[in-house]
Amino acid sequence: MAIARLRRYSGPAFLSYGFRPFFFLGSLYAALSILLWLPIYAGELEAHSVFVPIDWHIHEMLFGYLPAIVTGFLLTAIPNWTGRLPVQGLPLLALVVLWLAGRAAVFFSADIGWQAAAVIDGSFLFAVAAAAAREIIAGRNWRNLKVLLPLVVMACANGAFHIEAHVQGTSDISRRLGMSAAILLISLIGGRIIPSFTRNWLVRENPGRLPTPFDRFDIASLTISAIALGAWTFAPDNDISGLLLGAAASQAWRLARWAGDRTLRDPLVLILHLAYAFVPVGLWLISASIFLPAMVPVAAGLHALGAGAVGSMTIAVMARATLGHTGRQLRAGPQAIVVFAAILIAALLRILAVFIPYEGIVHAAGAAWILAYAGFLLTYGMALTTQKAR
């Protein structure tokens with residue numbers, strides 16, 4: 001439902017809706033951070049961060065890029081959930097500046113000190129959670145308060161990341177907690193939007209079998225996944241592979257119930273299903289790394305969840321939300337198909353690079369990732385920065 005008073009907004013289009021600045025800047029940062037990471041990974045560039053290089057990379061993907069996209073999604077979805085006006089103008093600009101300050105603080109944390117970097121960086125997610133909670137509560141939209149739980153867990157994991165890196169020299173529990181929160185957020189939101197968008201398209205374009213509505217199985221799958229990820233977070237070397245295997249199986253079956261095989265003619269819907277497939281794949285690979293550590297490195301599962309589930313799902317959601325909220329036709333053109341293909345190739349190559357430790361594969365994965373996000377900006381940048389949202 002369109003927000004009536006939004007039409008009277010007279011400020012810059014870029015600040016008219018939350019998805020605009022956060023999708024644009026988040027995508028730009030996703031490309032630039034990997035562009036920086038490749039020479040850092042090769043030892044050719046040194047960051048001014050107190051984090052060791054691998055921690056900087058993990059942190060900026062989990063607590064830099066992802067929160068920007070989640071914020072853009074929530075600030076766009078919540079007005080539709082509650083009927084309240086969207087955050088725009090100066091309040092939105094304040095959140096954008098706070099996110100940018102966090103990225104600078106982390107990169108230059110060796111110059112400003114880890115405590116200052118932790119406070120500046122950590123304040124963003126808590127500010128977003130507070131703003132979202134205020135709107136949901138004011139709109140009496142109680143059922144959507146559950147979306148804030150993974151967000152708060154992610155905020156706490158971010159704070160723990162800074163502390164762990166300072167005390168131990170590298171992150172440990174906090175990186176797994178952040179990843180777990182990210183996957184649960186994808187499971188929760190994906191389980192809501194993927195069947196809905198699939199149903200809408202099938203009813204209109206391909207009548208027949210429809211996605212199974214959310215039911216007790218979905219609740220059981222989310223519960224199993226939360227328990228399994230929680231166990232893995234705090235006891236990664238324990239024999240919890242059975243729990244993770246159960247979570248992977250339930251997530252795979254959950255995806256199969258959404259009739260994704262009937263959406264091959266619409267890349268905009270199909271990419272959502274392909275992106276979500278990385279969730280059970282990643283959980284299975286982590287389980288295999290516990291049971292068969294000599295054969296399956298844990299990094300394979302982490303990159304399936306990170307580069308795969310997080311990377312491809314966020315691009316899929318950004319593409320659809322940008323088209324839908326700027327009044328454009330919900331259709332993926334040739335450029336969008338290249339973007340979707342590039343992010344899937346990036347994820348697959350990064351998983352492959354774990355098993356075949358050839359530096360060229362890592363660089364190819366990075367190049368595909370950069371192509372995906374640069375392509376997203378070229379394809380949707382004009383829509384994000386000019387036309388006012390409907």
Side-chain angles (χ1 to χ4, degrees), residues 22 26 29-30 33-34 37 49-71 73-74 99 102-103 105-107 109 114 117-129 132 147-190 222 225-236 240 244 247 278-279 282-283 285-286 289 298-314 347 350:
F22 282 110
Y29 188 66
S33 62
I34 296 301
W37 168 241
S49 177
V50 295
F51 293 152
V52 296
I54 188 64
D55 272 354
W56 177 81
H57 172 59
I58 293 170
H59 183 276
E60 290 308 280
M61 289 294 99
L62 275 180
F63 304 113
Y65 162 70
L66 179 58
I69 309 309
V70 170
T71 299
F73 173 83
L74 288 178
W99 178 77
R103 310 288 53 78
V106 170
F107 192 83
S109 54
W114 78 272
V119 171
I120 296 170
D121 174 53
S123 60
F124 174 73
L125 275 170
F126 284 109
V128 172
V147 174
L148 299 182
L149 181 58
L151 192 64
V152 172
V153 172
M154 188 177 293
C156 293
N158 187 22
F161 195 104
H162 285 272
I163 296 171
E164 265 195 323
H166 174 70
V167 173
Q168 298 182 178
T170 187
S171 63
D172 182 26
I173 294 174
S174 56
R175 65 168 69 171
R176 292 192 297 274
L177 183 60
M179 181 64 77
S180 297
I183 296 308
L184 288 176
L185 195 60
I186 287 174
S187 298
L188 190 63
I189 295 177
L222 289 170
S225 298
I227 294 172
L229 287 167
W232 169 68
T233 295
F234 296 101
I240 58 171
L244 288 165
F278 282 104
V279 173
L283 293 175
L285 286 171
I286 291 176
S289 73
V298 68
L302 292 175
H303 283 104
L305 295 178
V310 173
S312 53
M313 182 60 74
T314 49
R350 194 59 191 88

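The model shown is predicted, which means the values in this text are computed figures rather than measured ones.
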Can you tell which of F63, F51, W114 makes a ring pair (Phe, Tyr, Trp, His ring centres under 6.0 Å) with H162?
-> F51
Look up atom [atom1] in [X] and atom [atom2] in [Y], then write down how far apart they are to the nearest 0.5 Å.
X	Y	atom1	atom2	result
F124	W99	CZ	CH2	8.0 Å
F161	I173	CZ	CD1	13.0 Å
R176	I58	CZ	CD1	10.5 Å
I69	M313	CD1	CE	13.5 Å
I286	I240	CD1	CD1	9.0 Å
D121	H59	CG	NE2	4.0 Å

Shortest non-hydrogen separation from [X] to [Y] and the atoms involved:
X	Y	answer
E164	S174	OE1-OG, 2.6 Å
S187	L222	CB-CD2, 3.5 Å
A304	G282	CB-CA, 3.6 Å
A105	A117	O-CB, 3.5 Å
N158	G122	ND2-CA, 3.8 Å
L283	L305	N-CD2, 4.1 Å

Does a donor on one side chain and an acceptor on the other come within less than 3.5 Å for T233 and S180?
-> yes
Check the side chains of E60 and S33 for a donor-acceptor pair under 3.5 angstrom, ignoring hydrogens and angles.
-> no
H303 side chain vs A299 backbone, donor-acceptor pair below 3.5 Å = yes
Donor-acceptor contacts, no H, no angles, side chain residues 148-157, under 3.5 Å, sequence neighbours left out:
none

Non-hydrogen side-chain atoms of [X] and [Y] separated by less than 4.5 Å:
X	Y	answer
L229	M179	no
H57	I34	yes
V50	H166	no
W37	I54	yes

Between F22 and F73, is a side chain to side chain contact (heavy atoms under 4.5 Å, CB included) present by the stated rule, with each step listed?
-> CA-CA 9 Å; F22 282 110; F73 173 83; over 6 Å; no
